[in-house]
Amino acid sequence: MEGLQLIAVGGAEPSRVVTNDDLSKLVDTSDEWITTRTGIRQRYFCAEGEDTATLAVQAARQALERSGLQLAQIGCCVCATVSGVYAAPSTACLVQRELGLAQDIPVLDVNAACSGFIYGAAVARGLLAARPGDARRYALVIGSEQLSRMMDMTDRSTCVLFGDGAGAAVLELTPDAEFAVDLGARGDMAIEFPTGGPIRMDGRAVFRFAVDALPRTLHAVLNAAHRTLDEVDWVVCHQANSRIIDHCIKKLGADPAKFYKNMDRHGNTSAASIPVALYELQESGRLQPGMRIACIGFGGGLIWGGMLITVKGSAV
Ligand code: COA
């Protein structure tokens with residue numbers, strides 16, 4: 001089966017910055033507690049007029065601009081989210097309307113929580129592959145969240161962890177792409193996003209799950225790609241907690257410099273966290289043509305997913 005290549009990424013930051021000190025005025029917590037346990041120093045929350053759809057539109061528009069492609073070249077649009085304002089129209093349909101994407105292409109949301117971007121890419125690959133005669137070989141895959149509207153701001157065990165944001169990627173389906181995915185799930189209530197919130201979580205159980213799922217999924221996707229970690233340029237994990245990533249680095253004896261981290265500025269933005277990290281790598285000139293990136297998601301479901309993707313030619 002043909003694989004995906006990364007063409008370009010976009011991102012959107014909500015306008016309200018919320019620091020740990022801000023939260024310590026709402027609940028009994030401290031900057032020291034949050035930073036030590038999670039690595040998070042601040043997060044962004046949507047302000048009036050911002051939501052999952054507006055962030056998704058902004059990130060998608062930027063990804064398209066960076067790609068240099070025309071709207072008419074997009075063959076499907078998938079948005080990964082657990083916080084869409086509407087079940088229908090999907091957030092992806094709202095993006096389609098705002099951007100003016102074609103109407104004869106598949107457009108849908110994917111719910112795989114913090115693994116949503118990986119699942120979204122896998123779904124997009126399948127959708128493009130199912131239309132072999134169609135010249136539109138590019139997918140718009142978005143991760144967008146407004147988790148702030150799903151949080152109990154009196155529950156210190158969850159409200160310090162999450163943030164809002166969006167990232168979007170333009171991906172190309174091509175026969176010569178080096179691409180691999182590994183997806184899995186185990187129905188479990190350790191973390192819950194009830195419709196409309198509030199988010200509930202057994203923090204210790206989720207931590208135990210994550211420190212197992214992350215290295216296991218990384219290993220599985222490297223195996224599927226017939227690559228070693230040394231041959232990968234970046235590992236972009238879901239940005240839930242710095243300690244989870246450090247645990248994985250230690251377990252694998254890996255080079256910490258390969259593992260991108262930005263939870264200090266964003267907190268956990270669920271489906272948005274991986275594309276936002278890719279966007280920051282691109283914007284800071286750290287994505288080069290031909291680079292191999294392993295993206296690893298894990299979280300609510302419980303669901304995990306890994307993807308090895310390469311950066312295409314000169315577009316980024
Ligand atoms: N500020 C201060 N104290 C807090 C707190 C906060 N924000 N949240 C919890 N506490 C307290 C608890 O009430 C408890 O107090 P007690 O000992 O008096 O009962 C104490 O800190 C320890 O709580 P515990 O839940 O055992 O802490 P922990 O070391 O497991 O750390 C997490 C909590 C949430 C940081 C940690 O479990 C974690 O990172 N889990 C994974 C969460 C995650 O990433 N979820 C998303 C995955 S996609």
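In listed order, ligands and their atoms are each counted from 1. When reading the values below, keep in mind they use all heavy atoms of this one structure, side chains included, and skip hydrogens, waters and symmetry mates.
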| query | Atoms of ligand 1 less than 4.0 Å from H238 heavy atoms? | reply | 48 (S)
| message | Less than 4.0 Å from atom 20 (C) of ligand 1, is there any heavy atom belonging to the protein? | response | no
| note | the protein heavy atom lying closest to atom 44 (O) of ligand 1 turns out to be A240 CB, 3.5 Å
| field | Numbered atoms of ligand 1 (with element) below 4.0 Å of V160, judged on heavy atoms | value | 7 (N)
| query | Would T81 and E145 satisfy side-chain hydrogen bond (donor to acceptor under 3.5 Å, both in side chains), going step by step from the backbone distance to the final call? | reply | CA-CA 6 Å; T81 185; E145 304 285 10; 3.1 Å; yes
| query | Is a salt bridge present between R265 and E280, judged by a nitrogen-to-oxygen distance below 4.0 Å? | reply | yes
| Charged N-O contact under 4.0 Å between R292 and E231 | no
| query | Does T29, backbone or side chain, put an N or O under 3.5 Å from an N or O of ligand 1? | reply | yes
| message | Assess whether a salt bridge exists between R16 and E48, defined as any Lys/Arg side-chain N lying under 4.0 Å from an Asp/Glu carboxylate O. | response | no
| N/O of N241 under 3.5 Å from N/O of ligand 1, yes or no? | yes
| field | Nearest protein heavy atom under 4.0 Å from atom 12 (C) of ligand 1, yes or no | value | yes
| Any heavy atom of D28 sitting closer than 4.0 Å to ligand 1? | yes
| field | Element-labelled atoms of ligand 1 that are located less than 4.0 Å from some non-hydrogen atom of C114 | value | 48 (S)
| note | One finds that the ligand 1 atoms under 4.0 Å from a non-hydrogen atom of F298 are 48 (S)
| remark: protein heavy-atom neighbour closest to atom 46 (C) of ligand 1 works out as N268 ND2, 3.5 Å
| task | Enter the distance from T174:OG1 to Q5:CD here, rounded to the nearest 0.5 Å. | result | 5.0 Å
| Can you tell me which residue and heavy atom of the protein come closest to atom 40 (N) of ligand 1, and the distance to 0.1 Å? | G203 O, 2.9 Å
| request: Please say whether more than 12 non-hydrogen atoms of neighbouring residues, nucleotides or ligands are located less than 6.0 Å from CE in M189. | output: no
| said: Would you compute the distance between atom OG1 of T269 and atom CD1 of I274 and round it to the nearest 0.5 angstrom? | reply: 9.5 Å
| query | Measuring to protein heavy atoms, does anything land under 4.0 Å from atom 17 (O) of ligand 1? | reply | no
| said: With the threshold set strictly below 4.0 angstrom, can you tell me whether any protein non-hydrogen atom sits that near atom 8 (N) of ligand 1? | reply: yes
| request: Could you check E2 against R137 for side chain to side chain contact (heavy atoms under 4.5 Å, CB included), going step by step and ending with a plain yes or no? | output: CA-CA 11 Å; E2 295 168 281; R137 311 309 284 157; 3.4 Å; yes
| field | Close approach of S157 to ligand 1, heavy atoms, under 4.0 angstrom | value | yes
| task | Give the numbers and elements of all ligand 1 atoms closer than 4.0 Å to a heavy atom of G299. | result | 48 (S)
| query | For atom 47 (C) of ligand 1, what is the nearest protein heavy atom, given as residue, atom name and distance? | reply | V206 CG1, 3.5 Å
| Is it true that D246 and K261 make a salt bridge, defined as a side-chain N closer than 4.0 Å to a carboxylate O? | yes
| request: May I ask you to say whether D104 pairs ionically with R136, meaning some side-chain N is under 4.0 Å from a carboxylate O? | output: yes
| query | Of the protein's non-hydrogen atoms, which lies at the shortest distance from atom 42 (C) of ligand 1, and what is that distance? | reply | M201 SD, 3.7 Å
| Does the cation-pi check pass for R216 over W304, that is, NZ or CZ under 6.0 Å from the six-membered ring centre and within 45° of its axis? | yes
| field | atom 15 (O) of ligand 1: nearest protein contact (heavy atom, Å) | value | R156 NH2, 4.1 Å
| query | Roughly how far, to the nearest 0.5 Å, is the CG atom of L140 from the CG atom of L99? | reply | 7.0 Å
| request: Could you say whether the N/O atoms of R204 and ligand 1 ever approach to under 3.5 Å? | output: yes
| Residue and atom name of the nearest protein heavy atom (relative to atom 33 (C) of ligand 1), distance in Å to one decimal | W33 CH2, 3.8 Å
| message | Tell me whether the rings of Y44 and H266 are parallel (<30°), tilted (30 to 60°) or perpendicular (>60°). | response | tilted
| query | Got the closest protein heavy atom to atom 27 (O) of ligand 1, with its distance? | reply | R37 NH1, 3.3 Å
